[in-house]
Number of protein chains: 2
Amino acid sequence: MYEKKIPLPLECGLAMTREILGGKWKPNLLFAISQGINRPSQLHRAIPQSTKRVLNLQLKELEEFEVIEKKIYHQLPPKVEYRLTERGETLMPLLSQMNEWGEENRPFIKRVILNRTKVLD
Amino acid sequence: MYEKKIPLPLECGLAMTREILGGKWKPNLLFAISQGINRPSQLHRAIPQSTKRVLNLQLKELEEFEVIEKKIYHQLPPKVEYRLTERGETLMPLLSQMNEWGEENRPFIKRVILNRTKVLD
DNA sequence: CCCTCCGGGGATAATTTTATCCCCTGTATG
DNA sequence: CATACAGGGGATAAAATTATCCCCGGAGGG
């Protein structure tokens, strides 16, 4: 994993949460897993904008912080399942709120983003 | 501002929220402003790990998405005050939860982070 | 005159995060 | 044999975000 050169503020709750949920696809992954979409290939199909590779990296970090658990079935073809840990469960309310707030404000935010380039017509 | 080359999923609530709160210091800024620490120099003193420059950039983005408002008093010495907009107020519950979750899990997260390098003893 | 404070930002570097590309084991199916 | 599926990851590039450096105007106090 990439080793940070700039230490992050370990005494700040906000920074801690950011460390867990800050990854681009982490919230989506957690959300999906909580809904039972818990196998790597399923997750990739659920989030096709990303790549297996990247999703694996983010999953690994979620696992490192014990927010999800990985179960490997030593079979052929291989089978892997992720699921939320207890700690992970405690994140769900937060995720829901993030999603709700985003949905409620989406129309506006979208407009702002699109207007950043449109103005140049 | 930097113009993104990879378009973000405009139909996803989580992505929208990330767009607003994703900046490294944005949650801290919002939190501080909500507490009445609302002048640029005060904010910088409250978040000395960052720089005026960087804080200004992030404040500008928060302003762009109408989460905060900037009031400029044309005086000498100049005076500027930020405050939450209505939209910004709706973020506060989210921020509180992020902070709480982070605080509750801080000991553990901290340990994980520190152990990433310590193992090499 | 020098330093401090208030506010600001251009230019550029460094860091961090994501993406891309391609290869791997092994089974099954056309 | 080729392709698809299940799982995985090294190497490297690109993108995005943060940091650093230094300068600006103007007022005020030693």
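Sequence lines set the chain letters: A, B, ... in the order given, protein chains first and strands last, and positions in each chain run from 1. Reckoned from all heavy atoms, side chains included, excluding hydrogens, waters and symmetry mates.
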- Pick the P atom in dC22(D) and in dC3(C), then give their distance to the nearest Å.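 These two P atoms come out 16 Å apart once rounded.
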
Let me confirm one number: the [atom1]-[atom2] distance from [X] to [Y], rounded to the nearest 0.5 Å.
X	Y	atom1	atom2	value
F108(B)	I113(B)	CZ	CD1	10.0 Å
L55(A)	I47(A)	CG	CD1	5.5 Å
R111(A)	N105(A)	CZ	CG	10.5 Å
I37(A)	Q35(A)	CD1	CD	5.5 Å
E63(B)	N56(B)	CD	CG	10.5 Å
N38(A)	K71(A)	CG	NZ	10.0 Å

Short heteroatom pairs, N/O only, protein and nucleotides 14-16 of chain D, under 3.5 Å:
unit_1: dA15(D); atom_1: OP2; unit_2: K5(B); atom_2: NZ; d: 3.4
unit_1: dA16(D); atom_1: OP1; unit_2: K5(B); atom_2: N; d: 3.1
unit_1: dA16(D); atom_1: OP1; unit_2: I6(B); atom_2: N; d: 2.7
unit_1: dA16(D); atom_1: OP2; unit_2: Y2(B); atom_2: OH; d: 2.8
unit_1: dA16(D); atom_1: OP2; unit_2: K5(B); atom_2: N; d: 2.8

- Message: Could you report the tightest heavy-atom contact between P9(B) and Q49(A), atom names first, then the distance?
- Response: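 In terms of heavy atoms, the two residues are closest at CB-NE2, 4.1 Å.
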
- Think S50(B) has a side-chain N or O under 4.0 angstrom from the OP1 or OP2 of dT18(D)?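 Looking at the OP1 and OP2 atoms of dT18(D), neither is under 4.0 Å from any side-chain N or O of S50(B).
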
Can you tell me how far [atom2] of [N] sits from [atom1] of [X], to the nearest Å?
X	N	atom1	atom2	value
L76(B)	dG25(D)	CG	P	13 Å
H44(A)	dA19(C)	NE2	C1'	12 Å
Q75(B)	dG25(D)	CD	C1'	16 Å
L8(A)	dA19(D)	CG	P	11 Å

Please output the side-chain donor-acceptor pairs of residues 77-86 of chain A that fall under 3.5 Å, not counting sequence neighbours, one pair per line with the distance.
unit_1: E81(A); atom_1: OE1; unit_2: Y73(A); atom_2: OH; d: 3.3
unit_1: R83(A); atom_1: NE; unit_2: E69(A); atom_2: OE1; d: 3.0
unit_1: R83(A); atom_1: NH2; unit_2: E69(A); atom_2: OE1; d: 3.0
unit_1: T85(A); atom_1: OG1; unit_2: E66(A); atom_2: O; d: 2.7
unit_1: T85(A); atom_1: OG1; unit_2: V67(A); atom_2: O; d: 3.2
unit_1: T85(A); atom_1: OG1; unit_2: R87(A); atom_2: N; d: 3.3
unit_1: T85(A); atom_1: OG1; unit_2: G88(A); atom_2: N; d: 3.0

Show which side-chain atoms of residues 93-103 of chain B pair as donor or acceptor with protein atoms under 3.5 Å away, not counting sequence neighbours.
unit_1: S96(B); atom_1: OG; unit_2: M92(B); atom_2: O; d: 2.9
unit_1: W101(B); atom_1: NE1; unit_2: T90(A); atom_2: OG1; d: 2.8
unit_1: E103(B); atom_1: OE1; unit_2: R106(B); atom_2: NE; d: 2.9
unit_1: E103(B); atom_1: OE1; unit_2: R106(B); atom_2: NH2; d: 2.7
unit_1: E103(B); atom_1: OE2; unit_2: G13(A); atom_2: N; d: 3.1

- Would T51(B) and V54(B) satisfy side-chain contact (heavy atoms from CB on, under 4.5 Å), going step by step from the backbone distance to the final call? CA-CA 5 Å; T51(B) 327; V54(B) 172; 4.2 Å; yes

- Item | For K60(B), all residues meeting salt bridge (charged side-chain N to carboxylate O under 4.0 Å, His left out), sequence neighbours excluded |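 With sequence neighbours excluded, K60(B) shows a salt bridge (charged side-chain N to carboxylate O under 4.0 Å, His left out) to no residue whatsoever.
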
- Task: Tell me, please, which residues at least two apart from K110(B) pass salt bridge (charged side-chain N to carboxylate O under 4.0 Å, His left out).
- Result: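 E11(A).
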
- Message: So for the helix from dG7(C)-dC24(D) to dG30(C)-dC1(D), with five pairs setting each end axis, what is the inter-axis angle to 10°?
- Response: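 Comparing the first five pairs with the last five, the axes sit 30° apart.
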
All N/O donor-acceptor pairs, side-chain side in residues 20-34 of chain B, below 3.5 Å, sequence neighbours left out:
unit_1: W25(B); atom_1: NE1; unit_2: S50(B); atom_2: OG; d: 3.3
unit_1: K26(B); atom_1: NZ; unit_2: E61(B); atom_2: OE1; d: 2.6
unit_1: S34(B); atom_1: OG; unit_2: F31(B); atom_2: O; d: 2.7

- Message: Before you tell me yes or no, could you show the steps for H74(B) and I72(B) under side-chain contact (heavy atoms from CB on, under 4.5 Å), namely the whole-Å CA-CA distance, both residues' side-chain angles and the distance that decides it to 0.1 Å?
- Response: CA-CA 6 Å; H74(B) 296 284; I72(B) 303 177; 3.8 Å; yes

- Not counting sequence neighbours, which residues clear side chain to side chain donor-acceptor pair (under 3.5 Å) with K52(B)? List them please.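 Scan of K52(B) (side chain to side chain donor-acceptor pair (under 3.5 Å), adjacent residues dropped) gives none.
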
- Would you please name every residue forming a side chain to side chain donor-acceptor pair (under 3.5 Å) with E64(B), sequence neighbours left out?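 Here the qualifying residues are R116(A).
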
- Task: Can you sort out which residues in residues 14-37 of chain B have a heavy atom within less than 4.0 Å of DNA chain C? Ascending by number, please.
- Result: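 By residue number: R18(B).
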
- Query: Quick one, which residues of residues 52-73 of chain A touch DNA chain C with a heavy atom under 4.0 Å?
  - Reply: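 Within this stretch, R53(A), V54(A), Q58(A) sit under 4.0 Å of the strand.
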
Just the table, please: protein N/O against nucleotides 3-6 of chain C N/O, every pair under 3.5 Å.
unit_1: dC6(C); atom_1: OP1; unit_2: R45(B); atom_2: NH1; d: 3.2
unit_1: dC6(C); atom_1: OP1; unit_2: R45(B); atom_2: NH2; d: 3.4
unit_1: dC6(C); atom_1: O3'; unit_2: R39(B); atom_2: NH2; d: 3.4

